There are 2 protein chains.
Amino acid sequence: MTLLSDHSHSLPCQPDQAALRQRLATAGLRATTQRILILESLLLLPGHPTAEQVHRQVVLTEPTVSLGTVYKTLDSFVAAGLTKRVASTEGACRRYDSDCTAHHHLYCTDTKEIIDYSNPELDALIRTFFATHGLENFQPHSFSLHIAGSRIS
Amino acid sequence: MTLLSDHSHSLPCQPDQAALRQRLATAGLRATTQRILILESLLLLPGHPTAEQVHRQVVLTEPTVSLGTVYKTLDSFVAAGLTKRVASTEGACRRYDSDCTAHHHLYCTDTKEIIDYSNPELDALIRTFFATHGLENFQPHSFSLHIAGSRIS
DNA sequence: ATGCTTGCAAACTCTTTGCACACCA
DNA sequence: TGGTGTGCAAAGAGTTTGCAAGCAT
């Protein structure tokens, strides 16, 4: 099995292999070829890819990586906090989000798209609300607002 | 603090069969025995039942109802707006929510429970926020805040 | 060297589908 | 009666698992 080859086709602002290894190490995960590739693919793919989509991307570079490994790896990424799973009412399959910073989602009811949305003012508003109106018997640690609606063109 | 929207809260009283027929008719659905039972079970079951759980409940009264019918029926309920599907990052299976009024969800990271949460003040806060800070290219029509955290005993 | 990871394929779970029969409007 | 809805069983999609062999540390 070859190590990560140089990617003449890869996008400009992609983290290099050393940075990916570092991220894995920080998360307490061994830096295997597969994990590096899967992490790279997650960061590369737009939107909220499924395990299947990540696999398709990974296989371009390393055709022997199995879908099962992608599932196991994505699970370990989620467990390690490298990745999140996106909540969705639509579709049967899981979607992953490489953006682990707090953010919200716009759900387009027409196109079924899930669009990332960040707004620090909104975050502050919500945090302040729960700081003053504490929930009973529940300690919140993160919030995500799901905004359903439709795109205006 | 902004005024609360008026919040007429009806307890989950058991609608009789005539009321259920009426709800189905209003939604444009034929009132079959199965649909009446499934709707009744949805309203009866606490939390956010899966198709499987609804089926188990329905079969107590009418043992011949098939799981396939429960799936088809729940889909038609969602399409008709009688029921919602709950978004979840956890678990593989779909959950349904008979409460079609706007509300939020607490996701307990320990027990994986999904707990309903309503707070008109919070709703007003969010609505006000988006009324003043409109989204670009997006017309929101509903909001649901997902609050992850853990129960305190 | 040790123990975590991987690939493979089979098993599993959840959901959908096709079709003949049954039923509501 | 006509057109929908239902039951059944098989198929399909997505995900998990067990184990032998392969790597990272």
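Per chain, numbering begins at 1; letters A, B, ... match sequence-line order. Remember, predicted model here, so these are calculated numbers, not experimental data.
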- Message: Using whole Å, what does the distance between atom P of nucleotide D:dG5 and atom CG of B:L74 come to?
- Response: 15 Å
- Can you tell me how far P of D:dG12 sits from OH of B:Y71, to the nearest Å? 18 Å
- Going by heavy atoms in the side chains, are A:R21 and A:I36 under 4.5 Å from each other? yes
- Validation row, ring centre B:Y117 to ring centre B:H105 under 6.0 Å: no
- In whole angstroms, the gap separating P of C:dG7 from CD of A:E62 amounts to 8 Å
- Which of the following nucleotides, D:dG7, C:dC14, D:dT16, is nearest to the side chain of B:C93? C:dC14
- Query: Distance check: side-chain N/O of A:R94 vs OP1/OP2 of D:dA13, anything under 4.0 Å?
  - Reply: no
- Between A:S66 and B:L67, name the one whose nearest nucleotide on DNA chain C is closer to the 5' end. A:S66
- Task: Summarise how protein sits on nucleotides 18-25 of chain C as a single string, 5' to 3': B when a protein heavy atom is under 4.0 Å from the base, S for sugar-phosphate-only contact, - for no contact.
- Result: B-----BS
- Task: Can you tell me the distance, in whole Å, between the CG atom of A:L37 and the P atom of C:dG7?
- Result: 10 Å
- Item | Atom-pair distance (CD on A:Q53; P on D:dT15), nearest Å | 11 Å
- Query: For the residue pair A:H55 and A:V65, what are the closest heavy atoms and their distance?
  - Reply: NE2-O, 2.8 Å
- Provide, to the nearest angstrom, the distance between the CZ atom belonging to B:R35 and the C1' atom belonging to D:dG5. 6 Å
- Message: Taking any heavy-atom pair under 4.0 Å as a contact, classify B:T64: base, sugar-phosphate, or nothing.
- Response: sugar-phosphate
- Just compare D:dT6, D:dT15, C:dG7 and give me whichever is closest to any side-chain atom of A:Q34. C:dG7
- Message: Quick one, B:D75 and B:Y96 - any side-chain contact, counting heavy atoms below 4.5 Å?
- Response: yes
- Measure the distance from CD on A:E52 to P on D:dA13 and round it to the nearest whole Å. 10 Å
